[in-house]
J.: 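Take a look at the following structure, please.
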Amino acid sequence: MMKHIAAASLFLVMAGAGTAMADDDCHVPMDQWQSRGAAQEMAEARGWQVGRIKIDDGCYQVRGIDETGQAFKAKIDPATLSIVKMKRKGRHDDGGAHGRRQSSEPDLSGASGVPPSNKLFETDNLPKSIVK
């Protein structure tokens, strides 16, 4: 019986540790927070056009347009004004928002049947692929 209690206790402690590691909340006492104006200045110094600043999960949450013209949402630590988490619309590389990928690169999907001119396709034989 004691082994079951010990195992259950260990499981609960480990499950709680996993949850704490995935936490992106800010745990900063209010007397250590920098002002909302300071967060605004930090964002503008990065070249962001700020649409909204609010408090979420103990962090400043900034929404707006970044220096490249993409919409974003960022969680900012209120004490250090460092970025805790950032999502950009249309990008899949940061595990965030799912939207259309906007790229200035030409479409090389091969829809025309002509391979792009690079060393990969120096021969006249197109690569073979199997789609399942």
Side-chain angles (χ1 to χ4, degrees):
M1 181 72 166
M2 287 299 285
K3 289 182 182 179
H4 293 291
I5 293 172
S9 298
L10 180 61
F11 175 76
L12 291 174
V13 167
M14 295 304 288
T19 303
M21 289 190 309
D23 189 18
D24 61 352
D25 297 348
C26 301
H27 303 285
V28 179
M30 289 294 289
D31 62 342
Q32 295 178 7
W33 281 41
Q34 294 193 38
S35 69
R36 189 177 293 234
Q40 175 88 24
E41 289 175 14
M42 179 277 302
E44 290 172 354
R46 289 180 173 269
W48 298 348
Q49 296 175 6
V50 176
R52 179 178 186 182
I53 296 179
K54 70 176 190 174
I55 297 171
D56 182 38
D57 295 330
C59 303
Y60 283 123
Q61 184 183 72
V62 179
R63 290 183 185 220
I65 307 294
D66 69 6
E67 66 280 359
T68 64
Q70 264 188 320
F72 76 94
K73 179 169 58 172
K75 280 193 174 184
I76 308 296
D77 183 285
T80 63
L81 298 181
S82 61
I83 299 171
V84 175
K85 184 177 181 180
M86 186 165 186
K87 293 181 183 179
R88 287 187 172 93
K89 248 187 177 174
R91 290 212 177 174
H92 299 282
D93 57 352
D94 58 358
H98 300 287
R100 267 194 197 160
R101 183 175 177 207
Q102 298 175 351
S103 174
S104 60
E105 297 175 14
D107 181 21
L108 301 177
S109 63
S112 65
V114 179
S117 59
N118 62 26
K119 293 185 182 215
L120 179 64
F121 297 107
E122 282 184 349
T123 66
D124 290 335
N125 299 331
L126 291 175
K128 295 181 181 179
S129 62
I130 300 172
V131 178
K132 293 184 180 182

J.: Under a 3.5 Å distance rule, please check whether Arg36 uses its side chain to pair with a backbone N or O of Ile53 as donor and acceptor.
T.: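 Pair found, side chain donor or acceptor close to backbone of Ile53.
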
J.: Can you pull out every side-chain hydrogen bond (donor to acceptor under 3.5 Å, both in side chains) where at least one residue sits in residues 38-53? Sequence neighbours excluded, please.
T.: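 Listed once each, the pairs are Gln40-Glu44, Trp48-Glu67.
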
J.: Please check this pair: side chain of Asp57 against backbone of Cys59, looking for a donor-acceptor N/O pair closer than 3.5 Å.
T.: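 Not a single qualifying donor-acceptor pair exists.
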
J.: Of the non-hydrogen atoms in Tyr60 and Ala39, which two are nearest, and what is the gap between them?
T.: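 Closest approach of Tyr60 to Ala39: CD1-CB, 3.9 Å.
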
J.: For the atom pair CH2 (Trp33) and CG (Leu81), what is the distance rounded to the nearest 0.5 Å?
T.: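 The distance works out to 10.5 Å.
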
J.: Where is the tightest heavy-atom contact between Gly58 and Pro78, given as atom of each residue plus distance?
T.: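 The answer is O-CG, 3.5 Å.
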
J.: Check whether any side-chain N or O of Gln61 sits under 3.5 Å from a backbone N or O of Ile55 as a donor-acceptor pair, and report yes or no.
T.: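 No, Gln61 side chain to Ile55 backbone: no donor-acceptor pair under 3.5 Å.
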
J.: Looking only at heavy atoms, what is the nearest atom pair of Thr68 and Asp66, with distance?
T.: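 Nearest pair, atom of Thr68 first, then Asp66: OG1-OD1, 2.7 Å.
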
J.: Do Val84 and Ile76 come within less than 4.5 Å of each other through their side chains, counting heavy atoms only?
T.: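 Contact flag for Val84/Ile76 side chains = no.
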
J.: Indicate if Ile65 and Met42 have the same hydrophobic cluster label, given that clusters are the connected sets of ILVMFWY residues with side-chain heavy-atom separations under 4.5 angstrom.
T.: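 No, it is not one cluster - the side chains of Ile65 and Met42 are not joined through contacts under 4.5 Å.
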
J.: Roughly how far, to the nearest 0.5 Å, is the CD1 atom of Ile83 from the CZ atom of Phe72?
T.: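 Nearest 0.5 Å value for the CZ-CD1 distance: 8.0 Å.
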
J.: Taking all non-hydrogen atoms of both residues, which atom of Ala79 and which atom of Gln34 are closest, and how far apart?
T.: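 Looks like O-NE2, 2.7 Å.
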
J.: Say you draw a straight line from NZ of Lys89 to NZ of Lys73; how long is it, rounded to the nearest 0.5 Å?
T.: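 Result: 10.0 Å between the selected atoms.
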
